[in-house]
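Everything on this sheet refers to the single structure shown next.
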Amino acid sequence: MEMQIIDVDYVLVNDSPVIRIFGKTMAGESVCAFYEGYYPYFYAEGGDVPEILKDEPQVRSVKKVKRKVVMGYQEPREMWKITITNPAKTPEIREFLRSRGLTVYEADILFKYRFMSDFDLSGFGWIELKDFSGISTETVRCQKTVQVREFSPVKKDDHAPLRKVAFDIECVAGVAGTVPEARRDPVILISMVFSPEYKGKKKVVFSTRSGKGVTAFESEKEMLQGFIDTIIDYDPDVITGYNVNGFDIPYIIERLEKNDIRPVFGRCGQKAVYSKKLMSRHSTSIVGRVIVDSFEIVKKDFSLTRYTLDNVCDKLLGERKVSVKHSEMEKLWKGSEKEYERLVSYSAQDSVLAMNLVEKLMLMDKYIALSRVSGTLLNDTLSSGETSRIENYLLREFNKEGFVFPSKPDQQEVARRDELRRTELKGGFVLEPEKGLHSNVVVLDFKSMYPSIIRTYNICPTTLILGNEHIEGEIETPSGARFVPKSVREGIIPKILERMMKKRSAAKKKYAKEKDTARKAVYYAEQWAFKIMANAFYGHLGYSRARIYDLNIANAVTSSGRETIQKTKELIEREFGYSVVYGDTDSVMVKIPEEDMEKVKEIGNALCKRINETLPGVMELEFEKVFKRFLPLTKKRYVAWKFEPEGEGWKESIEMKGIETVRRDWCELVGDSIREVIEIILKKNDVKAATKYFKNIMNKLVRGEIDLQKLVITKTMTKIPKNYAGTQPHIELVKKIQARNPAEAPGIGDRISYVIVKGTGLVSKRTEDPSYVMENGLQVDSKYYIENQLLPPLERIFGALNISKSELLGNGKQMGIFEAIMNGNGGGTGVKEIPISEMTGFLCKKCGAHYKRPPLLGACSCGGSLVFSSKKGAADFVIA
DNA sequence: TAATGGTAGGGGAGGAAAAAGTCTACATAT
DNA sequence: TAGTGATATGTAGACTTATTCCTCCCCTAC
């Protein structure tokens with residue numbers, strides 16, 4: 001029997017661990033396989049372990065073994081392998097040994113991962129049960145339960161069919177104007193959506209009030225019991241919903257407890273659903289099932305201004321939903337049949353959308369691929385970061401080669417590392433961009449630069465030469481770190497990376513060949529996962545909480561990168577005479593004096609060929625794309641008219657990096673206008689037309705013709721308001737909302753939307769909630785939007801093009817860009833007279849000199865005549 | 001039970017420090 | 001020629017008002 005692994009855990013039977021592997025067969029059957037006789041173990045050195053542990057009843061065996069330690073090129077050492085009975089006792093024995101001054105290895109590996117690592121099993125990987133027999137048990141709720149004696153991992157690309165349920169709960173706050181509290185306020189509605197259908201139904205709505213399309217219950221308790229029964233009966237592999245980790249699940253757990261029902265709806269009858277908030281993150285575990293919170297995934301995978309279900313569905317699915325405000329909830333719940341129907345359909349809709357997000361956006365694919373590559377269980381892949389994946393993978397590889405894996409650093413060690421980190425790890429090198437609008441720039445990239453460097457220079461903790469020892473053929477990186485050559489010992493990480501890069505190309509090939517769309521998606525996700533994993537190793541080396549942390553090694557990687565890009569630039573300029581106009585970390589952009597795209601590409605390829613001759617190991621520079629026009633603004637900010645090879649021809653598009661159009665903390669109006677201006681400039685090279693377009697926007701803004709939504713600025717609240725050192729616009733608004741309506745106050749990690757309204761004083765004090773502005777008819781500060789939002793980015797673009805304000809107007813340098821545009825081309829809207837209150841002095845028309853008072857001559861010292869000046873512009877008249 | 005990959009870099013907003021005006025009182029020159 | 005008032009100009013110090021610089025914060029490029 002073959003099955004795909006969904007979850008693994010263990011239980012104690014007579015104080016001995018029994019591993020449970022939860023899986024799904026190709027036929028869609030849920031299976032739980034029990035495995036006995038596997039015990040936890042770890043290593044220690046630096047003391048007489050048999051003697052120290054002779055009275056410890058947990059210990060099953062202590063054996064002398066030879067193992068290598070990871071850090072530094074060293075010979076194997078003798079140490080003790082300690083096997084115990086109960087996995088939960090590991091920390092106790094570990095700390096006891098540490099207190100006696102011993103060094104302990106691998107005593108902080110979760111038992112399920114110890115097991116999976118030893119048997120080479122992965123989350124969502126396949127396992128073949130070779131010798132097994134059916135058993136009956138009350139403890140596990142699966143279609144099939146077996147005792148397995150022999151098994152092995154199998155390589156298989158297909159996915160078993162999954163059962164998914166999406167759910168959403170509604171509740172009403174017991175006190176008006178507050179947030180519902182699980183301690184106090186009951187659940188009134190639960191909607192569920194099934195995929196595939198459950199007993200011929202796509203969805204159900206449970207409630208304590210009867211109505212059309214509703215399954216009614218006598219009490220909350222009965223409804224909750226109904227919910228649990230349905231889950232258990234449907235037996236889903238995946239439980240999803242929008243923000244279920246943050247809201248629905250913790251809420252429902254608390255309500256279940258309030259109603260004296262144990263929150264047990266996993267595939268194990270004993271273990272309760274566990275949900276805990278850690279810092280600002282939530283994590284939930286349900287035995288045998290996977291929690292897929294579409295909110296959390298969308299937030300990670302898509303860059304959006306706001307993550308309300310409303311906005312997410314609109315932007316990602318193109319589906320608009322009817323929304324019900326929190327404050328309306330109670331009215332609908334207690335209202336007429338019609339109103340209640342609206343609430344019911346609203347709740348059902350939320351579940352439908354959560355399911356649609358998962359299925360249509362294929363949110364799980366990437367994470368399944370990451371699980372299969374790294375070995376972590378899907379639920380952990382979803383709820384944890386890069387570290388757990390990297391370390392899970394490394395543990396296996398180091399073990400295979402006879403190494404013991406280091407422990408997690410303790411708090412003190414982390415603090416020590418953090419202290420040094422800021423100054424001690426240098427990153428990539430960014431070339432100073434050459435100013436101006438360039439034509440025909442070829443972009444060349446180093447293929448997987450950091451992984452390639454690690455492979456080329458055999459960079460690994462296991463090959464690092466410690467102290468002053470010298471080894472024949474040693475490799476020295478620019479940072480000064482030295483590594484033994486491959487011939488002496490091949491590093492584990494270089495070996496892993498070589499394999500990953502090979503596997504990635506294999507997956508890419510399969511992807512290209514495959515016709516079946518489902519399989520194609522699997523291969524795409526697989527190659528993506530290999531790329532992500534390969535790139536994560538470098539970051540891990542410099543991460544202060546990593547088991548394998550060494551700044552010498554991390555710096556060895558980055559210093560080699562810096563040297564490589566600099567040498568590349570020099571060679572291109574020296575040998576070919578081309579100018580490298582920009583480059584960042586692993587890329588160079590070279591200006592080619594050729595108009596023909598094919599020619600530019602050809603030269604680009606020739607450059608790569610020449611550079612590659614000089615590069616060591618697997619380092620490789622490759623042609624990436626051509627910029628027909630390239631306008632760098634600063635480092636990390638540029639605009640380009642891009643041409644990428646596609647099939648026989650070229651695919652063109654405008655590429656914008658780092659500028660306001662791609663940033664979420666600028667309003668839509670800025671993004672739209674700047675995008676348009678760039679388009680006009682790059683493709684038509686018509687500054688006048690761009691200026692005219694912009695002038696029109698500003699006029700509309702002053703006249704109040706711009707939709708408020710286009711003026712909304714959004715920013716993330718990264719900590720609670722009182723922890724902010726200074727005054728921040730978005731935080732000031734949060735404080736206002738907290739005072740006005742605590743129920744709707746945002747939390748950590750939420751994106752805050754605001755507009756700037758008219759008034760005096762700090763911008764921060766003039767932030768307002770867009771809907772509040774609408775409801776109360778407040779006026780937005782058009783001056784702010786012109787001077788602080790629209791103009792600065794435009795000015796930067798013109799600046800990069802070397803178009804000065806005076807050029808736009810052909811006038812004095814005191815002129816701001818506002819006047820330059822308003823008065824410059826076509827005129828018509830120029831300021832004719834200014835109120836005396838706004839007058840700031842006198843301006844010479846000829847030389848642009850500014851006077852606070854009129855000079856006695858009545859004219860400028862240069863002889864030019866004077867006009868009145870103000871911040872908004874100059875005029876011939878002032879009015880009282 | 002339990003979590004959190006890296007550095008480089010731009011740019012807005014606020015706030016402190018330094019610099020530039022302004023005002024006042026008084027001195028000096030015409 | 002000395003004394004006088006009106007006016008202009010200069011100067012130092014107190015006070016006020018822009019500038020400049022730095023930090024915090026957010027977000028992006030790689």
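All chains are named by letter (A, B, ...) in the order of the sequence lines, taking the proteins before the strands, and each is independently numbered beginning at 1.
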Looking at every strand, decide which applies to A:G427 at a 4.0 Å heavy-atom threshold: base, sugar-phosphate, or nothing. sugar-phosphate
Using the C1' atom in both, what is the distance from B:dA3 to C:dC30, to the nearest Å? 26 Å
Kindly say if A:N535 contacts the phosphate of B:dG5, meaning a side-chain N or O under 4.0 Å from OP1 or OP2. no
Exercise: identify the closest heavy-atom pair between A:E296 and A:N245: OE1-ND2, 3.1 Å
A:T634 has its side chain closest, among B:dG14, B:dG10, C:dT28, to B:dG10
Which part of the nucleic acid, if any, lies within reach of A:I659 when heavy atoms closer than 4.0 Å are counted: base, sugar-phosphate only, or nothing? nothing
When we call it a touch if two heavy atoms are under 4.0 Å apart, what does A:K636 touch: a base, just sugar-phosphate, or nothing? base
Any A:S303 side-chain N or O less than 4.0 Å from OP1/OP2 of C:dC27: no
So does A:S283 get a side-chain nitrogen or oxygen closer than 4.0 Å to the phosphate oxygens (OP1/OP2) of B:dA3? no
Regarding A:F537, tell me which of base, sugar-phosphate or nothing describes its non-hydrogen contacts under 4.0 Å with the strands shown. nothing
Phosphate-side-chain proximity, A:H540 and B:dG6, N/O vs OP1/OP2 below 4.0 Å: no
If only side-chain N and O atoms of A:S764 are considered, is one of them under 4.0 Å from the OP1 or OP2 phosphate oxygen of B:dG14? yes
Short side-chain N/O contact to B:dA3 OP1/OP2 from A:S384, under 4.0 Å: no
Just checking, is any N or O donor in the side chain of A:T716 or A:R751 under 3.5 Å from an acceptor N or O on the other one? yes
For B:dG9, does OP1 or OP2 lie under 4.0 Å from any side-chain N or O of A:K635? yes
Tell me what A:S587 touches on the nucleic acid: a base, only sugar-phosphate, or nothing, going by heavy atoms under 4.0 Å. nothing
Is A:G726 touching bases, backbone alone, or none of the nucleic acid, heavy atoms closer than 4.0 Å? nothing
Respond yes when some side-chain nitrogen or oxygen of A:T716 is under 4.0 Å from OP1 or OP2 of C:dC27, and no when none is. yes
Whole-Å distance, A:Y638 OH to C:dA29 P, equals 8 Å
Given atom CG of A:L633 and atom C1' of C:dA29, what is their separation to the nearest angstrom? 14 Å
Which of these passes side chain to side chain donor-acceptor pair (under 3.5 Å) with A:H540: A:R389, A:E386, A:E391? A:E391
Any base atoms under 4.0 Å from A:Y784, or only sugar-phosphate, or nothing? Heavy atoms, all strands. sugar-phosphate
So if I take every side-chain heavy atom of A:K426 and compare against B:dG14, C:dC27, B:dA8, which nucleotide ends up nearest? B:dA8
Is A:R637 close enough to B:dG11 that one of its side-chain N or O atoms is under 4.0 Å from OP1 or OP2 there? yes
Considering only B:dG14, C:dC25, B:dT1, which nucleotide approaches the side chain of A:T727 most closely? B:dG14
Specify the separation, in whole Å, of atom CG of A:L425 and atom P of B:dA8. 7 Å
Taking CG from A:D665 and C1' from C:dT28, how many angstroms apart are they, rounded to a whole number? 9 Å
Consider the side chain of A:N788, meaning its heavy atoms from C-beta on, and name the nucleotide among C:dC30, C:dT28, B:dA13 that approaches it most closely. B:dA13
Are A:Y724 and C:dT23 close enough that a side-chain N or O sits under 4.0 Å from OP1 or OP2? no
What nucleotide among C:dT28, C:dC30, B:dG5 has an atom nearest to a side-chain atom of A:D584? C:dC30
Pair A:S587-A:D445, side-chain donor/acceptor within less than 3.5 Å: no
Looking only at side-chain atoms of A:T585, point me to the closest of C:dC26, C:dC30, C:dC24. C:dC30
Out of B:dG15, B:dG5, B:dG11, minimum distance to the side chain of A:L762 belongs to B:dG15
Would you say A:K112 places a side-chain N or O within less than 4.0 Å of OP1 or OP2 belonging to B:dT1? no
Interatomic distance at C1', B:dG14 relative to C:dA18, whole Å: 16 Å
Could you check how far OH of A:Y543 sits from P of B:dG6, rounded to whole Å? 6 Å
Side chain of A:W666, heavy atoms from C-beta onward: which of B:dA13, C:dA29, B:dG12 has the nearest atom to it? B:dG12
Quick one: does NZ or CZ of A:K719 land under 6.0 Å from the six-membered ring centre of A:Y724, within 45 degrees of the ring axis? yes
Determine the contact category for A:R751: base if any of its heavy atoms lies under 4.0 Å from a base atom, sugar-phosphate if only primed atoms, P, OP1 or OP2 are that close, otherwise nothing. sugar-phosphate
Listed nucleotide nearest any side-chain atom of A:A725, set B:dT7, B:dA3, C:dC24: C:dC24
In terms of relative ring orientation, are A:Y638 and A:F627 parallel, tilted or perpendicular, with 30° and 60° separating the classes? tilted
With the side chain of A:Y538 defined as its heavy atoms from C-beta on, choose the nearest nucleotide among C:dC25, C:dT28, B:dT7. B:dT7
What is the distance, to the nearest angstrom, from the CE atom on A:M589 to the C1' atom on C:dC30? 10 Å
Under 4.0 Å between a side-chain N/O of A:K719 and OP1 or OP2 of C:dC25, yes or no? yes
side-chain contact (heavy atoms from CB on, under 4.5 Å) evaluation trace for A:R20 with A:V287: CA-CA 10 Å; A:R20 302 191 297 192; A:V287 175; 3.9 Å; yes
Looking at A:N86, A:T90, A:D9, A:I19, which hits side chain to side chain contact (heavy atoms under 4.5 Å, CB included) with A:F111? A:I19
Send over the distance from A:R663 CZ to C:dC25 C1', rounded to a whole Å. 10 Å
Mind calculating the distance between CE (A:M449) and P (B:dT7) to the nearest angstrom? 18 Å
